[in-house]
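Report on one structure; see the data block that follows.
On a predicted model such as this, the values are computed, not experimentally measured, just so you know.
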Amino acid sequence: MEALTTLGRSAHGARRTTLRLRRGPEDKADALDLDHWLARSVTHGELGKSAARGVAWTLAGSWMSAAVQVGTTMVLARLLTPADFGLMAMALTLTALVNQFRQLGLSQAVVQRPDLRWSQVSALFWVNTAVGVVLAGLVALGGIPLAAFYDEPALVPLCAALGAGFVVSGVSVQHGALLNRAMQFRRISLRNVTAGLLSSLAALAAALLGLGVWALVVQNVSALVFATILNWWAVPWRPSSPRRLADAAPLLRFGIHVSVANLFHTVSREGDNVVIGRFLDAGALGLYTRAYSLLMLPLRQLKTPVQAVMVPTLAALQEEPGRYRLAYRTAIAGLCHAGMPLVVVLAVAADEVIAVVLGDQWLAAARIFQLLALASFVQLVSTTTGWIYTSTGRGRPYVAWAVVGGVVTVAGFLVGVRWGVQGVAASYAATQLLLVVPGFALACRHSPVALGDPFRAMARPSVVAALVLVTTAGVRSAVVPRVSAPLALAATVAGALVVWGVVMMLWPAARRELVGLVASLRRRRADRESSAGSH
């Protein structure tokens with residue numbers, strides 16, 4: 001049997017797109033109650049309301065998660081040593097690489113696929129489950145050569161424990177993908193916050209008991225356990241027995257392309273940790289990873305929510321190039337208006353940020369923090385090329401560019417390590433700047449986005465960020481000799497907020513770009529209720 005979600009024109013003359021929900025005989029169980037998890041209808045006037053609510057919920061969830069992470073980091077940084085964090089970073093270089101095959105890109109495939117069958121979802125569930133078991137074994141066994149590579153025997157049991165997380169997370173991939181496809185961002189946000197809070201409490205308890213680096217392992221694995229439990233609780237679908245695996249073949253092909261691309265992106269992201277751990281020591285690696293994680297924490301709270309909403313939104317607009325291009329360009333401009341000034345403030349007040357969050361014993365990480373901020377300034381926009389590839393289903397060029405980017409970035413690390421850990425950070429900034437233009441040139445080919453779009457979207461935010469830079473540098477230089485680090489940080493942030501707010505009030509074009517992300521998304525919404533009723 002085949003059900004078509006046929007969409008005409010709305011009362012306002014908005015264009016609608018017809019998308020298919022296919023159901024076979026094997027999908028009968030509870031089909032009428034669950035079909036709304038698969039259906040996706042797109043209307044001009046209503047998709048944005050759902051997406052805008054998704055941005056709001058995802059932002060709220062991300063910032064709550066960030067608050068939990070900052071609080072946890074502040075305590076753990078005082079209970080553990082840089083060497084503990086460095087040892088964990090060594091183990092995570094292996095798990096980060098293997099993790100790219102945990103989902104096999106099948107989560108993105110489920111979101112991107114215009115039509116989807118329950119038999120396909122069940123087949124993908126069993127594929128992900130089997131892959132999780134295999135990857136757990138690979139991580140456990142991989143701890144042996146990893147320990148020899150770094151000359152750290154303690155990595156063997158750490159990797160065995162971290163591998164167990166792959167078994168747990170493998171059974172929740174499809175439940176998480178269905179939440180994303182259905183744009184259930186409120187549930188996703190609540191899941192992330194709850195899992196993060198519970199895993200942080202577990203880590204703090206372990207650290208207080210004197211378990212050292214194992215507190216970080218407890219945090220990592222327990223977060224996956226809690227997220228899996230919450231995914232199954234949120235999505236009522238349960239997989240059928242493993243059959244008709246051939247139904248998953250088209251999604252597997254796209255998913256494998258995404259996985260390979262993500263693997264090379266991870267190589268470029270983790271290459272610095274490998275190089276520092278191999279040629280320097282665990283202490284230097286601990287400083288570098290804490291600086292990187294602290295910088296990425298607030299930026300991730302901006303980028304992740306927008307990405308979580310924009311990928312399914314852009315996927316739903318594939319057949320409408322004009323709306324696709326406008327949605328992408330508006331998202332970039334709004335993201336830059338919020339993110340670029342934030343990067344500037346973090347870079348200017350690096351010493352104070354490190355002292356307040358991590359403690360004075362970590363001040364050696366401040367210069368690393370500033371160099372990484374340069375790379376983050378570019379990456380705020382350059383990483384959005386993945387939105388284009390994923391939402392349009394262009395797996396092969398995604399892989400090609402990931403390979404090029406990974407090779408160039410790792411080569412830079414190998415050159416930069418000659419000047420120590422700061423040399424690695426500087427090389428990262430240089431390679432990211434070098435790759436940004438060719439990266440967009442390839443991503444924009446055969447897509448609705450023009451090459452100049454992302455750069456035009458960055459123009460006004462860059463001017464605002466420059467004004468924030470001048471102001472914060474002046475404020476900090478005036479107050480640092482006279483007050484403590486917390487007060488200096490507060491004064492610097494206050495100065496940035498004042499100048500940013502004044503510029504937004506006096507520059508209407510910049511203000512429109514900032515609010516444009518939500519404003520444009522309000523013109524698009526998946527009519528979930530109407531779609532569910534049609535079934």
For a 4.5 angstrom cut-off between non-hydrogen side-chain atoms, does [X] reach [Y]?
| X | Y | value |
| --- | --- | --- |
| S222 | L198 | no |
| T93 | Y150 | yes |
| T194 | L230 | yes |
| L435 | T409 | yes |
| L335 | V381 | no |
| V225 | T228 | no |
| V213 | F85 | no |

Given 3.5 Å as the limit, does a donor-acceptor pair link the side chain of [X] with the main chain of [Y], or not?
| X | Y | answer |
| --- | --- | --- |
| Q219 | S200 | no |
| S427 | G412 | yes |
| S293 | R290 | no |
| R511 | M505 | yes |
| T330 | A327 | no |

Once you round to the nearest 0.5 Å, how far does [atom1] of [X] lie from [atom2] of [Y]?
| X | Y | atom1 | atom2 | answer |
| --- | --- | --- | --- | --- |
| D84 | L76 | CG | CG | 10.0 Å |
| H337 | R512 | NE2 | CZ | 10.5 Å |
| L204 | S199 | CG | OG | 9.5 Å |
| T289 | M90 | OG1 | CE | 9.5 Å |
| L346 | L372 | CG | CG | 11.5 Å |
| L374 | Q379 | CG | CD | 11.5 Å |

Tell me, yes or no, whether the heavy-atom count around W232 atom CH2, taken from other residues, nucleotides or ligands under 6.0 Å, exceeds 12. yes
Between [X] and [Y], what is the shortest heavy-atom contact and its length?
| X | Y | value |
| --- | --- | --- |
| P82 | G283 | CB-O, 4.2 Å |
| A284 | V421 | O-CG2, 4.1 Å |
| A457 | I332 | CB-CG2, 3.6 Å |
| I368 | A291 | CG2-CB, 4.1 Å |
| L94 | G142 | CD2-C, 3.8 Å |
| L380 | C336 | CD2-CA, 4.0 Å |

Check side-chain hydrogen bond (donor to acceptor under 3.5 Å, both in side chains) between S477 and all other residues, then give those that pass, not counting sequence neighbours. none
Identify, with sequence neighbours excluded, every residue that meets side-chain hydrogen bond (donor to acceptor under 3.5 Å, both in side chains) alongside N220. none
Of all pairs that satisfy salt bridge (Lys or Arg N to Asp or Glu O under 4.0 Å), the ones with a partner from residues 64-77, not counting sequence neighbours: none
Please test L358 against L294 for side chain to side chain contact (heavy atoms under 4.5 Å, CB included), starting from the C-alpha separation and ending with a verdict. CA-CA 9 Å; L358 300 180; L294 185 58; 4.3 Å; yes
Apply side chain to side chain contact (heavy atoms under 4.5 Å, CB included) to the pair F377 and V344, showing each step before the final yes or no. CA-CA 8 Å; F377 198 85; V344 167; 4.2 Å; yes
Give the table of side-chain donor-acceptor pairs shorter than 3.5 Å for residues 462-476, with sequence neighbours excluded, one pair per line with atom names and distance.
{"unit_1": "S462", "atom_1": "OG", "unit_2": "M458", "atom_2": "O", "d": "2.7"}
{"unit_1": "T471", "atom_1": "OG1", "unit_2": "L467", "atom_2": "O", "d": "3.0"}
{"unit_1": "T472", "atom_1": "OG1", "unit_2": "V468", "atom_2": "O", "d": "2.8"}
{"unit_1": "T472", "atom_1": "OG1", "unit_2": "L469", "atom_2": "O", "d": "3.2"}
{"unit_1": "R476", "atom_1": "NE", "unit_2": "V348", "atom_2": "O", "d": "3.3"}
{"unit_1": "R476", "atom_1": "NE", "unit_2": "E352", "atom_2": "OE1", "d": "2.8"}
{"unit_1": "R476", "atom_1": "NH2", "unit_2": "E352", "atom_2": "OE2", "d": "3.2"}

Hydrogens and angles aside, do Y328 and T384 bring a side-chain donor and acceptor to less than 3.5 Å of each other? yes
Side chains of D272 and Y288: donor-acceptor distance under 3.5 Å anywhere? yes
List, one per line, each side-chain donor-acceptor pair under 3.5 Å for residues 151-162, sequence neighbours excluded.
none

Tell me whether the centres of the aromatic rings in F455 and F440 are closer together than 6.0 Å. yes
Please report whether the ring centroid of W362 lies less than 6.0 Å from that of F369. no
Is the Lys NZ or Arg CZ of R278 less than 6.0 Å from the centre of F149's six-membered ring, within 45° of the axis? yes
V70/T73 under side chain to side chain contact (heavy atoms under 4.5 Å, CB included): CA gap, chis, key distance, verdict: CA-CA 5 Å; V70 168; T73 299; 5.7 Å; no
ring-ring contact (aromatic ring centres under 6.0 Å, His included) involving F413 - partner list, sequence neighbours excluded: Y428
